[in-house]
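Below is one structure, written out as structure tokens; comments come after it.
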Amino acid sequence: MTNNDIVQKLWNLCDVLRDEGINYSDYVTELVLLLFIKMVHENTEAGTLKKHPLPEGCRWTDLNNKSGINLLDDYKRILLSLSSGRDGTGRLIHTDSLISAVYADAQTNLREPRHLEQMIKTLDQIDWFSAQQDGLGDLYEGLLEKNASETKSGAGQYFTPRALINSMVRCLKPQHGELIQDPAAGTAGFLTAADQYIKEHTDDLADLDAQQQLFQQNKAFVGIELVPGTRRLALMNCLLHGMEGDDEGVVHLGNALGQAGTSLDKADVILANPPFGTSKGGDASITRDDLTFKTNNKQLAFLQHIYRNLKPGGRAAVVLPDNVLFEAGVGTDVRRDLMDKCNLHTILRLPTGIFYAQGVKTNVLFFTKGSATDKYQDTGCTENVWVYDLRTNMPSFGKRTPFGEPHLKPFEAAFGDNSNGQSKRQEGEWSFNAEEIAVDLEATEENQGVTDDRLSKSRWRCFSREWIRDTKSDSLDISWLKDSDSVDAANLPEPSVLADEAMSELVQAMGELDSLMRELGAEEEADGARVLLQEVLGEVK
């Protein structure tokens, strides 16, 4: 049984639980609470763990031989005991802070004992030996990806496409002994990918001595996550990848834009996809008083935190929406400060549709603290910014056209092997039929006066710091490829003609929807919609 088969088998259980009103996101949490107990059992049985970390009475064998209301009651008791570290009488039964973190405030939404029994039986039927051979971490991330694709706006904010994560990690090339952070960890995708990259290049850490291995296991990776439920998913993800972290685990609970961010050590590598949106107060508010430029834009605040928290020579790759690249006022100040203190050497313009927050246009900024020649330099560090346009004239990605690593390989080749972006580079990269699709453009100041028509069709261009300052007023929203779907405004019909065509199509669409609603038996709703239209448009004749 492959990991994909196991993921599908586990995911099918969600359809059963939907009868109890449990949605996809809640289901993954329910599964995690059980899965951790099961994984500990399997690892203990296999001899991977010399001592069972869970206290007696809170183990898999205390669940899988029971049924009915006794099973559900015992399960609730186990969750409470693992969370508090005490049994029902108040007696101390464990002091493991990591277990307490995984089960912090844990409670089940299951009401039917038969559904819990079905989940337990399904977990017992899986060939866990084969699953361990394939990688339990990969299996778990398959569930997280399934969750993100199904729930979109609910879980998408925590899930960055695996192909993009892997590409960013390959570009930055994290090394053993480096401190690697993610201040907006989500489900810890960046941290686990960095760990896997290092293990692949150290024979699964066998090339390291005992002290180096201990550092990788407990100190190399640190993340911060604001949402307790998401942090639980992240801790599970890390544990299944063999990453234990400190007493709080790899991912700490807190707000990187608050006190938790100020307590972080300086990092060698930061990989992040900060949450979209603005601060609305409460727990998610920006309370840092050490950020130079005050803002309620969370991405601008996160960007400041990231480049301030790099060691000299430290490197970062950060996913940011378009507004960070062109926002005026504080946005301009932050970009200038970034280019002053860091070498912002590369921007990757990402296609739309690859995140589950549909329609959001994003980019990856790659930068290194200091200049290309002096990591301690703190002014005038950026000389040139290379931009790769993977957005213009690309497909609309989604379930039918999945975004994958083949789409990122041309960018990685252009980026080069140097993790600081200092590989020898040359303008001109025409992947995905860019040259055939693009329309010939005359050289203008906007494309730096290039007279070579081919460069106007290249996806890979270089822009000097002076040009960005003088021509773009320090905006980094740089594009030059002609969109093949764009409309020439000079050849558009008169506005009245366009409005008439739009109204005709709208009326036709409304008529079709009315017919469909009536065929589905929703006559009352259809009549209500007609009344509403009459109130808005006047009497329909």
Side-chain angles (χ1 to χ4, degrees), residues 161-173 317 319-320 322 325-326 343-355 361-367 382-398 400-465 467-468 471-472 475-488:
R162 171 57 47 180
L164 179 60
I165 289 175
N166 288 341
S167 182
M168 291 165 64
V169 168
R170 286 193 294 265
C171 287
L172 289 197
K173 295 178 171 52
V319 179
L320 293 166
D322 273 14
L325 273 59
F326 62 71
N343 177 20
L344 174 63
H345 51 79
T346 309
I347 297 176
L348 169 62
R349 288 167 54 84
L350 291 169
T352 57
I354 68 170
F355 287 94
K361 295 181 178 180
T362 55
N363 315 265
V364 183
L365 271 59
F366 295 84
F367 50 89
T382 299
E383 295 183 2
N384 295 292
V385 179
W386 290 76
V387 183
Y388 192 99
D389 188 344
L390 192 59
R391 181 183 306 169
T392 308
N393 297 322
M394 291 297 288
S396 177
F397 291 102
R400 294 184 178 180
T401 310
F403 179 75
E405 295 197 358
H407 299 104
L408 290 158
K409 287 298 184 181
F411 163 71
E412 292 179 39
F415 185 96
D417 291 331
N418 188 288
S419 59
N420 289 313
Q422 298 307 303
S423 296
K424 186 177 180 180
R425 293 173 168 182
Q426 183 176 354
E427 289 182 298
E429 213 290 327
W430 295 276
S431 297
F432 312 109
N433 301 319
E435 190 171 19
E436 289 79 4
I437 294 174
V439 177
D440 286 345
L441 301 175
E442 294 182 0
T444 64
E445 184 183 29
E446 185 67 16
N447 65 20
Q448 285 196 298
V450 173
T451 56
D452 183 354
D453 281 343
R454 295 195 73 214
L455 280 188
S456 68
K457 306 168 189 175
S458 167
R459 293 194 180 275
W460 183 232
R461 296 283 303 279
C462 180
F463 301 87
S464 70
R465 177 69 185 91
W467 181 86
I468 293 171
T471 306
K472 298 291 291 182
S475 167
L476 292 171
D477 187 24
I478 303 170
S479 61
W480 61 92
L481 289 176
K482 177 82 173 196
D483 189 341
S484 61
D485 293 331
S486 63
V487 177
D488 185 356

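Quantities reported herein were computed from a predicted structural model and do not represent experimental measurements.
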*Checking Ser458 side chain against Gly428 main chain: does a donor-acceptor pair fall under 3.5 Å?*
yes

_Quick check on side-chain contact (heavy atoms from CB on, under 4.5 Å): which of Asp389, Leu408, Leu365, Val387 does Leu348 satisfy it with?_
Leu408

*After noting the C-alpha distance and the side-chain angles of Leu390 and Phe403, does the key distance pass the side chain to side chain contact (heavy atoms under 4.5 Å, CB included) rule?*
CA-CA 11 Å; Leu390 192 59; Phe403 179 75; 4.2 Å; yes

*Which heavy atom in Ser456 sits nearest to a heavy atom in Trp480, and how many Å separate them?*
O-CD1, 3.5 Å

*Can you tell me how far the OG1 atom of Thr401 sits from the CD1 atom of Ile354, to the nearest 0.5 Å?*
13.5 Å

*For the residue pair Arg425 and Asn384, establish whether any side-chain heavy-atom pair is separated by less than 4.5 Å.*
no

*asked:* Set out, in order, the CA-CA distance, both residues' side-chain angles and the distance that settles side chain to side chain contact (heavy atoms under 4.5 Å, CB included) for Phe463 and Leu476, then state yes or no.
replied: CA-CA 10 Å; Phe463 301 87; Leu476 292 171; over 6 Å; no

*Heavy-atom side-chain contact between Glu427 and Arg461 under 4.5 Å*: yes

*asked:* For Phe415, is there any backbone N or O sitting under 3.5 Å from a side-chain donor or acceptor partner on Trp460?
replied: no

*Under a 4.5 Å cut-off applied to non-hydrogen side-chain atoms, are Arg170 and Ser167 in contact?*
yes

_Side chain proximity check, Arg459 to Asn393, heavy atoms < 4.5 angstrom_ = yes

_Separation of Thr392 OG1 from Lys482 NZ (nearest 0.5 Å)_ = 11.5 Å

*How are the rings of His407 and Phe397 set relative to one another: parallel (under 30°), tilted (30 to 60°) or perpendicular (over 60°)?*
perpendicular

*asked:* Just verifying a value: how many Å separate Glu383 CD and Leu344 CG, rounded to the nearest 0.5 Å?
replied: 12.5 Å

*Would you mind reporting whether Ser431 and Phe411 have side-chain heavy atoms less than 4.5 Å apart?*
no

_Can you confirm whether Asp322 sits close enough to Arg391 that some side-chain heavy atom of one is under 4.5 Å from a side-chain heavy atom of the other?_
yes

*asked:* Consider salt bridge (charged side-chain N to carboxylate O under 4.0 Å, His left out). Of Lys361, Arg349, Lys472, which one does Asp477 pass it with?
replied: Arg349

*Is Asp417 atom CG crowded by more than 12 heavy atoms from other residues, nucleotides or ligands, each under 6.0 Å away?*
no

*Indicate yes or no: at least one non-hydrogen side-chain atom of Pro395 is less than 4.5 angstrom from one of Phe432.*
no

*To the nearest 0.5 Å, what is the distance between CZ (Phe367) and CD1 (Ile347)?*
10.5 Å

*Please step through side chain to side chain contact (heavy atoms under 4.5 Å, CB included) for the pair Phe366 and Leu172, ending with a clear verdict.*
CA-CA 9 Å; Phe366 295 84; Leu172 289 197; 4.1 Å; yes

_Nearest 0.5 angstrom please: Thr382 OG1 to His345 NE2, how far?_
9.0 Å

*Lys457 side, atom NZ; Asn433 side, atom CG - distance, nearest 0.5 Å*: 12.5 Å

*asked:* Checking Leu350 against Asn363 for the side chain to side chain contact (heavy atoms under 4.5 Å, CB included) test, could you report, in this order, the C-alpha distance in whole Å, the side-chain angles of both residues, the deciding distance, and whether it holds?
replied: CA-CA 5 Å; Leu350 291 169; Asn363 315 265; 5.7 Å; no

